[in-house]
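This one's a predicted model, so the numbers in the text were calculated from it and none came from an experiment. Whatever order the structure lists them in is the order used to number ligands and atoms, beginning at 1. For the numbers below, each heavy atom of this structure counts, side chains included, while hydrogens, waters and symmetry mates do not.
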Amino acid sequence: MSLEQWSAVDEYFSAMLIPSDPVLDAVLDSCVRAALPPIGVAPNQGKLLYLLARIRGAGRILEIGTLGGYSTIWLARALAPGGKLVSLEVSATHAQVARENVEAAGLSDAVSIMVGRATDTLARLAAEGVEPFDLVFIDADKENNPVYLKAALRFTRPGSLIVCDNVVRNGRVLDAGSDDADVAGTRRYFELLAEQPRLISTAIQTVGVKGWDGLSISLVEGG
Ligand SMILES: C[S@@+](CC[C@H](N)C(=O)[O-])C[C@H]1O[C@@H](n2cnc3c(N)ncnc32)[C@H](O)[C@@H]1O
(Lines give C-alpha, C1' and ligand atoms only; values in the text may rest on other atoms or scores of the structure.)
Protein backbone atom coordinates (compact mmCIF):
# COMPACT_ATOMS: atom_id res chain seq x y z
CA MET A 1 0.00 0.00 0.00
CA SER A 2 1.21 3.48 -0.78
CA LEU A 3 0.48 7.10 -0.02
CA GLU A 4 -0.78 7.41 -3.62
CA GLN A 5 -3.41 4.72 -3.00
CA TRP A 6 -4.45 6.20 0.33
CA SER A 7 -4.73 9.66 -1.28
CA ALA A 8 -6.70 8.25 -4.22
CA VAL A 9 -9.21 6.74 -1.77
CA ASP A 10 -9.51 10.09 0.04
CA GLU A 11 -10.12 11.76 -3.31
CA TYR A 12 -12.77 9.14 -4.17
CA PHE A 13 -14.55 9.69 -0.84
CA SER A 14 -14.46 13.44 -1.33
CA ALA A 15 -15.70 13.17 -4.92
CA MET A 16 -18.60 10.98 -3.79
CA LEU A 17 -19.58 12.67 -0.53
CA ILE A 18 -18.29 16.24 -0.49
CA PRO A 19 -19.65 18.26 -3.40
CA SER A 20 -17.41 20.98 -4.77
CA ASP A 21 -17.90 24.06 -2.62
CA PRO A 22 -16.86 27.41 -4.10
CA VAL A 23 -16.40 28.99 -0.65
CA LEU A 24 -14.12 26.24 0.67
CA ASP A 25 -12.28 26.02 -2.66
CA ALA A 26 -11.63 29.78 -2.42
CA VAL A 27 -10.33 29.33 1.15
CA LEU A 28 -7.78 26.79 -0.05
CA ASP A 29 -6.78 29.07 -2.96
CA SER A 30 -6.37 32.03 -0.60
CA CYS A 31 -4.12 29.96 1.67
CA VAL A 32 -1.88 29.10 -1.29
CA ARG A 33 -1.79 32.72 -2.45
CA ALA A 34 -0.86 33.87 1.08
CA ALA A 35 1.83 31.14 1.26
CA LEU A 36 0.29 29.58 4.37
CA PRO A 37 1.65 26.11 5.12
CA PRO A 38 -0.54 23.25 3.78
CA ILE A 39 -1.36 21.90 7.23
CA GLY A 40 -5.13 22.32 7.41
CA VAL A 41 -7.48 19.37 7.69
CA ALA A 42 -8.43 17.45 4.54
CA PRO A 43 -11.96 17.88 3.11
CA ASN A 44 -13.19 14.55 4.54
CA GLN A 45 -11.72 15.50 7.93
CA GLY A 46 -13.38 18.92 7.76
CA LYS A 47 -16.67 17.18 7.10
CA LEU A 48 -16.04 14.84 10.04
CA LEU A 49 -15.67 17.91 12.27
CA TYR A 50 -18.88 19.30 10.77
CA LEU A 51 -20.69 16.03 11.48
CA LEU A 52 -19.43 15.83 15.06
CA ALA A 53 -20.62 19.37 15.71
CA ARG A 54 -23.99 18.65 14.09
CA ILE A 55 -24.41 15.38 16.03
CA ARG A 56 -23.58 17.24 19.23
CA GLY A 57 -25.95 20.08 18.32
CA ALA A 58 -23.12 22.45 19.14
CA GLY A 59 -24.08 26.03 19.83
CA ARG A 60 -20.64 27.06 21.04
CA ILE A 61 -17.35 25.88 19.56
CA LEU A 62 -13.76 26.68 20.53
CA GLU A 63 -11.01 26.11 17.98
CA ILE A 64 -7.32 26.35 18.88
CA GLY A 65 -5.34 26.88 15.66
CA THR A 66 -7.12 28.77 12.86
CA LEU A 67 -4.65 28.88 9.94
CA GLY A 68 -6.68 30.24 6.98
CA GLY A 69 -10.06 29.35 8.43
CA TYR A 70 -10.75 26.11 6.54
CA SER A 71 -11.71 23.98 9.57
CA THR A 72 -13.21 27.11 11.14
CA ILE A 73 -15.72 27.38 8.30
CA TRP A 74 -16.58 23.67 8.38
CA LEU A 75 -17.25 23.93 12.12
CA ALA A 76 -19.06 27.27 12.00
CA ARG A 77 -21.42 25.96 9.33
CA ALA A 78 -22.46 23.24 11.79
CA LEU A 79 -23.38 25.67 14.58
CA ALA A 80 -26.92 25.65 15.85
CA PRO A 81 -28.84 28.83 14.91
CA GLY A 82 -27.39 31.82 16.76
CA GLY A 83 -24.31 29.80 17.71
CA LYS A 84 -20.80 31.14 18.17
CA LEU A 85 -17.32 29.90 17.36
CA VAL A 86 -14.16 31.34 18.90
CA SER A 87 -10.90 30.51 17.12
CA LEU A 88 -7.44 31.20 18.55
CA GLU A 89 -4.47 31.94 16.30
CA VAL A 90 -0.96 33.18 17.08
CA SER A 91 -0.17 34.54 13.62
CA ALA A 92 -1.71 37.89 12.71
CA THR A 93 -1.18 37.01 9.04
CA HIS A 94 -3.03 33.71 9.33
CA ALA A 95 -5.80 35.39 11.31
CA GLN A 96 -6.23 38.08 8.65
CA VAL A 97 -6.51 35.48 5.86
CA ALA A 98 -9.00 33.54 8.00
CA ARG A 99 -11.09 36.63 8.76
CA GLU A 100 -11.38 37.42 5.05
CA ASN A 101 -12.39 33.82 4.35
CA VAL A 102 -14.92 33.75 7.18
CA GLU A 103 -16.42 36.97 5.86
CA ALA A 104 -16.62 35.56 2.33
CA ALA A 105 -18.39 32.53 3.82
CA GLY A 106 -20.99 34.83 5.39
CA LEU A 107 -20.03 33.70 8.90
CA SER A 108 -18.53 36.86 10.40
CA ASP A 109 -21.37 37.25 12.89
CA ALA A 110 -20.83 33.72 14.23
CA VAL A 111 -17.03 33.61 14.31
CA SER A 112 -14.52 35.59 16.30
CA ILE A 113 -10.81 35.09 15.88
CA MET A 114 -8.52 36.03 18.77
CA VAL A 115 -4.88 36.71 17.90
CA GLY A 116 -2.12 35.76 20.31
CA ARG A 117 -0.51 32.69 21.81
CA ALA A 118 -3.34 30.37 22.73
CA THR A 119 -1.96 29.98 26.24
CA ASP A 120 -2.55 33.73 26.61
CA THR A 121 -5.90 33.97 24.83
CA LEU A 122 -7.20 30.99 26.82
CA ALA A 123 -6.18 32.78 30.01
CA ARG A 124 -8.03 35.85 28.75
CA LEU A 125 -11.16 33.79 28.07
CA ALA A 126 -10.93 32.32 31.57
CA ALA A 127 -10.58 35.77 33.12
CA GLU A 128 -13.62 36.96 31.17
CA GLY A 129 -15.65 34.02 32.51
CA VAL A 130 -16.48 32.63 29.10
CA GLU A 131 -19.58 30.42 28.73
CA PRO A 132 -18.92 26.67 28.26
CA PHE A 133 -18.25 25.26 24.80
CA ASP A 134 -19.96 22.19 23.31
CA LEU A 135 -17.01 21.23 21.14
CA VAL A 136 -13.31 22.09 21.36
CA PHE A 137 -11.03 21.42 18.38
CA ILE A 138 -7.33 21.43 19.32
CA ASP A 139 -5.10 21.95 16.28
CA ALA A 140 -2.25 24.38 17.05
CA ASP A 141 1.28 23.85 18.44
CA LYS A 142 1.29 20.26 19.63
CA GLU A 143 3.76 20.81 22.43
CA ASN A 144 1.07 22.75 24.29
CA ASN A 145 -1.63 20.12 23.80
CA PRO A 146 -1.58 19.22 27.53
CA VAL A 147 -2.22 22.89 28.40
CA TYR A 148 -4.99 23.04 25.81
CA LEU A 149 -6.62 19.88 27.17
CA LYS A 150 -6.67 21.30 30.69
CA ALA A 151 -8.24 24.50 29.34
CA ALA A 152 -10.74 22.47 27.32
CA LEU A 153 -11.79 20.62 30.47
CA ARG A 154 -12.29 23.94 32.20
CA PHE A 155 -14.29 25.41 29.32
CA THR A 156 -16.64 22.48 28.63
CA ARG A 157 -19.56 20.75 30.34
CA PRO A 158 -20.90 17.19 30.45
CA GLY A 159 -21.75 16.16 26.90
CA SER A 160 -19.12 18.36 25.26
CA LEU A 161 -16.61 16.90 22.79
CA ILE A 162 -12.88 17.53 22.67
CA VAL A 163 -11.17 16.65 19.38
CA CYS A 164 -7.40 16.81 18.93
CA ASP A 165 -5.72 16.58 15.51
CA ASN A 166 -2.34 15.18 14.43
CA VAL A 167 -1.90 12.70 17.26
CA VAL A 168 0.00 10.09 15.23
CA ARG A 169 2.70 12.17 13.57
CA ASN A 170 3.83 9.45 11.14
CA GLY A 171 4.01 7.00 14.02
CA ARG A 172 6.43 9.14 16.02
CA VAL A 173 3.89 9.17 18.87
CA LEU A 174 5.37 5.78 19.82
CA ASP A 175 8.79 7.27 20.57
CA ALA A 176 8.89 7.68 24.35
CA GLY A 177 12.45 9.04 24.17
CA SER A 178 11.75 11.62 21.47
CA ASP A 179 13.34 15.03 21.94
CA ASP A 180 10.67 16.51 19.64
CA ALA A 181 8.49 18.78 21.79
CA ASP A 182 5.45 18.07 19.62
CA VAL A 183 5.80 14.32 20.15
CA ALA A 184 6.33 14.83 23.88
CA GLY A 185 3.26 17.08 24.02
CA THR A 186 1.18 14.52 22.17
CA ARG A 187 2.31 11.70 24.47
CA ARG A 188 1.56 13.80 27.56
CA TYR A 189 -1.85 14.56 26.05
CA PHE A 190 -2.57 10.82 25.88
CA GLU A 191 -1.41 10.35 29.47
CA LEU A 192 -3.84 13.04 30.57
CA LEU A 193 -6.66 11.47 28.55
CA ALA A 194 -5.92 8.09 30.13
CA GLU A 195 -5.89 9.37 33.68
CA GLN A 196 -8.78 11.86 33.42
CA PRO A 197 -11.92 10.28 34.88
CA ARG A 198 -14.18 12.93 33.33
CA LEU A 199 -13.26 11.89 29.77
CA ILE A 200 -14.27 8.95 27.62
CA SER A 201 -11.69 8.91 24.85
CA THR A 202 -10.49 7.07 21.79
CA ALA A 203 -8.04 7.78 18.99
CA ILE A 204 -8.13 6.82 15.33
CA GLN A 205 -5.30 6.63 12.81
CA THR A 206 -5.91 8.20 9.41
CA VAL A 207 -4.11 7.83 6.10
CA GLY A 208 -4.69 9.77 2.90
CA VAL A 209 -3.96 13.16 1.41
CA LYS A 210 -2.48 14.31 4.74
CA GLY A 211 -0.21 11.26 5.08
CA TRP A 212 -0.26 9.00 8.14
CA ASP A 213 -1.78 10.76 11.12
CA GLY A 214 -4.85 10.62 13.32
CA LEU A 215 -7.13 12.28 15.79
CA SER A 216 -8.47 11.71 19.27
CA ILE A 217 -12.05 12.26 20.35
CA SER A 218 -13.15 12.66 23.96
CA LEU A 219 -16.57 12.99 25.51
CA VAL A 220 -16.76 15.04 28.70
CA GLU A 221 -18.71 13.40 31.49
CA GLY A 222 -19.96 14.93 34.72
CA GLY A 223 -17.94 15.25 37.89
C1 LIG B 1 -2.44 22.93 11.83
S2 LIG B 1 -2.68 24.65 11.68
C3 LIG B 1 -4.43 24.81 11.92
C4 LIG B 1 -5.20 24.27 10.77
C5 LIG B 1 -6.68 24.58 10.83
N6 LIG B 1 -7.27 24.12 12.08
C7 LIG B 1 -7.36 23.90 9.66
O8 LIG B 1 -7.52 22.67 9.72
O9 LIG B 1 -7.71 24.58 8.69
C10 LIG B 1 -2.04 25.25 13.18
C11 LIG B 1 -2.24 26.74 13.40
O12 LIG B 1 -1.94 26.98 14.78
C13 LIG B 1 -1.25 28.20 14.87
N14 LIG B 1 -0.47 28.19 16.11
C15 LIG B 1 0.76 27.67 16.32
N16 LIG B 1 1.15 27.89 17.56
C17 LIG B 1 0.15 28.55 18.17
C18 LIG B 1 -0.03 29.08 19.48
N19 LIG B 1 0.90 28.97 20.42
N20 LIG B 1 -1.19 29.71 19.75
C21 LIG B 1 -2.17 29.84 18.80
N22 LIG B 1 -2.02 29.37 17.55
C23 LIG B 1 -0.90 28.75 17.24
C24 LIG B 1 -0.40 28.23 13.60
O25 LIG B 1 -0.01 29.57 13.31
C26 LIG B 1 -1.32 27.62 12.57
O27 LIG B 1 -2.05 28.62 11.90
Please list, in number order, the atoms of ligand 1 under 4.0 Å from a heavy atom of [X].
X      : answer
Val41  : 7 (C), 8 (O)
Arg117 : 20 (N)
Asp141 : 15 (C), 16 (N), 17 (C), 18 (C), 19 (N)
Tyr148 : 18 (C), 19 (N), 20 (N)
Ser71  : 5 (C), 6 (N), 7 (C), 8 (O), 9 (O)
Gly116 : 20 (N), 21 (C)
Gly40  : 4 (C), 7 (C), 8 (O), 9 (O)

Please say whether [X] places an N or O atom under 3.5 Å from an N or O atom belonging to ligand 1.
X     : value
Val90 : yes
Glu89 : yes
His94 : yes

ILVMFWY cluster, Val86 and Phe137 together (side-chain gap under 4.5 Å): no
Evaluate the side-chain proximity of [Y] to [X]: yes if any heavy-atom separation is below 4.5 Å, no if none is.
X      : Y     : answer
Asn101 : Tyr70 : no
His94  : Pro37 : yes
Val23  : Arg77 : yes
Val209 : Trp6  : no

Is a side-chain donor or acceptor of Ser7 paired with a backbone partner of Glu4 at a separation under 3.5 angstrom? no
State whether the side chain of Glu143 and the backbone N or O of Gly185 hold a donor-acceptor pair below 3.5 Å, judged by distance alone. no
Thr66 near ligand 1, heavy-atom distance under 4.0 Å? yes
Nearest 0.5 Å, what's the OG1-CG distance between Thr121 and Leu125? 6.5 Å
Selection from Val147, Asp139, Leu49 by shortest heavy-atom distance to atom 3 (C) of ligand 1: Asp139
